[in-house]
**Student:** 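Sharing a structure below in structure tokens format, with a few things to ask.
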Amino acid sequence: MNPVPRAHMSRLERYAGFGTRAVHGGQTPDPTTGAIMPPIYQTSTYVQPELGRHLGYEYARVQNPTREALERNLAALEGGAHGIAFASGLAAIEAVLKTLSAGDHVVSEENTYGGTTRLFTRVLARLGLEFAFVDTREPDRVRDAFRAETRLLLVEPPTNPMMRLCDLAVMAEIAHENGALLMVDNTFATPYNQRPLELGADVVVHSTTKYLNGHSDVLGGAVVVDDVSLADEIRFVRKTTGAVPGPMDAWLVLRGTKTLHLRMRAHNQNGLAVARFLESHPAVHETHYPGLTSHPQHDLAVRQMDGFGGMVAVEMGTPERAKRLVEGTRIFALAESLGGVESLIGLPAAMTHASVPAERRRAMGITDGLVRVSVGIEDEADLLEDLEQALAGL
Ligand SMILES: *Cc1c(COP(=O)(O)O)cnc(C)c1O
């Protein structure tokens, strides 16, 4: 993977490859003990040596050294100057939106994570932000959705769960022509497979709950930006509204990112193997995965991504057949979420996207027969055998 040449980064962060940055980015041994791992600073406040002088740390909502180590690491991986960690992915997205004001307009991909749509339509719209939802595969539709008040364009390639892409360089151009910012939810791709800041995006958001932590044992979120005044605005919202991650959770995500490159190689390899297997299986009607040559945007995927990840969606035709598949696997566990080392399977219409109105789900292609799998890092042969036995007789 190419190093990211950015003037503000340390020598290591500028010249090292992705794996070296994953292991070392943003971290230095603890100065008091030499501990090679950043300590978990489990404290709410910090003692000040004298009135009016502190050591850079006053109160844990504002500063925490464990959280800051994670933030520097995430910034190094995305190739941005500033990482800002949150208690969850939705808290990260909400904080960016709260830099806007009532009357401002946001253009959003229509097929985003279900919780993002709910945040926009059920909470932020009540507070006066306005939204347009469009299919961002079509640049003209995106352009047409812009108004004089549009401040932000949100995209999420590959989308959840339909695995649709948009051209990030084109999206950045449209946003900037209109004086707006481009925000990319990079949760599905991860910086190992796709680095939006290099393609012109202004804000990258993550649910670190997923691949970045990677072990299904923590909830977290993050924003990475390059611009210092934008970083200051988002940090101001965070310190004022309070959605910070605890130090233990920050430490767990930082432990997770150390192996991101190894895990993503395995997710990419298993994801492609599972997608090819499902595509060729007679019981499966359609397989959605950007790494398949049958994916309508495969050329864009090859151009924009370094790998295609572990998320695969299949159309089973009917809810009954979908139910038999999700209940018939033994290794793939029936559960929401994604991006962990273990393989999961689910039915978006009844689980992750249940809060999206049925007619909007249908318009996006999320039928009651659509099954989504998060392919883990188990042995490929075992995963294929598990799917084979679950599909037998369907
Ligand atoms: C899970 C997810 C979110 C929300 O993150 P939480 O950590 O659950 O709050 C946002 N975007 C995408 C793409 C997700 O998968």
Side-chain angles (χ1 to χ4, degrees), residues 67 70 74 78 83-98 106 108-124 133 136 152-166 168 183-194 196 201 203-224 238 241-246 249-250 252-253 256-257 264 267 271 288 290 305 308-313 335-340 344-346 348 351-356 364 366 372-376:
R67 192 172 85 207
L70 170 65
L74 296 176
E78 284 288 0
I84 308 165
F86 286 88
S88 73
L90 281 176
I93 294 168
E94 186 190 21
V96 177
L97 275 281
K98 280 185 170 168
V106 175
S108 170
E109 158 61 37
E110 61 178 9
N111 182 199
T112 53
Y113 177 73
T116 303
T117 312
R118 187 175 58 201
L119 170 67
F120 290 178
T121 58
R122 307 278 302 275
V123 177
L124 297 176
F133 295 93
T136 61
L152 190 72
L153 168 61
L154 167 64
V155 297
E156 195 185 300
T159 63
N160 174 22
M162 298 306 294
M163 309 305 291
R164 294 174 178 171
L165 307 182
C166 60
L168 287 173
M183 163 156 127
V184 180
D185 185 331
N186 206 29
T187 300
F188 267 41
T190 82
Y192 184 77
N193 285 337
Q194 175 173 280
V203 183
V204 171
V205 292
H206 276 283
S207 169
T208 57
T209 312
K210 316 295 168 50
Y211 286 108
L212 293 183
N213 177 61
H215 294 75
S216 305
D217 52 12
V218 73
L219 203 67
V223 172
V224 180
R238 184 185 62 176
T241 58
V244 293
D249 285 355
L252 280 168
V253 178
T257 56
M264 289 317 295
H267 285 296
H288 307 282
M305 306 176 79
F308 310 110
M311 300 305 295
V312 185
E336 295 202 5
S337 201
L338 62 114
L344 302 178
I345 192 163
M351 298 167 71
T352 51
H353 287 64
S355 69
V356 179
M364 295 187 289
I366 306 171
R372 187 188 84 175
V373 295
S374 171
V375 183

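The figures that follow rest on heavy atoms only: side chains count, while hydrogens, waters and symmetry mates do not. Both counts, for ligands and for their atoms, begin at 1 and track the order of listing.
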**Student:** Checking side-chain contact (heavy atoms from CB on, under 4.5 Å) for the pair Asn111/Ile366: CA distance, chi angles, key distance, verdict?
**Tutor:** CA-CA 9 Å; Asn111 182 199; Ile366 306 171; 3.9 Å; yes

**Student:** Enter the distance from Ile93:CD1 to Ser108:OG here, rounded to the nearest 0.5 Å.
**Tutor:**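 Ile93 CD1 to Ser108 OG: 9.0 Å, rounded to 0.5 Å.
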
**Student:** Does the ring of Phe86 carry Lys98 above it, NZ/CZ under 6.0 angstrom from centre and within 45° of its axis?
**Tutor:** no

**Student:** With Glu109, which of Thr117, Thr116, Thr159, Thr136 fulfils side chain to side chain donor-acceptor pair (under 3.5 Å)?
**Tutor:** Thr136

**Student:** Give the minimum heavy-atom separation between Val312 and Gly271, together with the two atoms involved.
**Tutor:**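 Distance-wise, the nearest heavy atoms are CG2-O, 3.9 Å.
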
**Student:** One line per pair, note the atom names and distance for all nitrogen or oxygen contacts under 3.5 Å between ligand 1 and the protein.
**Tutor:**
| unit_1 | atom_1 | unit_2 | atom_2 | d |
| --- | --- | --- | --- | --- |
| ligand 1 | 5 (O) | Ser207 | OG | 3.0 |
| ligand 1 | 7 (O) | Gly89 | N | 2.9 |
| ligand 1 | 7 (O) | Ser207 | OG | 2.8 |
| ligand 1 | 7 (O) | Thr209 | OG1 | 2.7 |
| ligand 1 | 9 (O) | Gly89 | N | 3.1 |
| ligand 1 | 9 (O) | Leu90 | N | 2.9 |
| ligand 1 | 11 (N) | Asp185 | OD2 | 2.7 |
| ligand 1 | 15 (O) | Lys210 | NZ | 2.8 |

**Student:** If the test is side-chain contact (heavy atoms from CB on, under 4.5 Å), which one of Thr187, Val184, Val96 qualifies with Val205?
**Tutor:**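 By the side-chain contact (heavy atoms from CB on, under 4.5 Å) criterion, Val205 pairs with just one of Thr187, Val184, Val96: Val96.
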
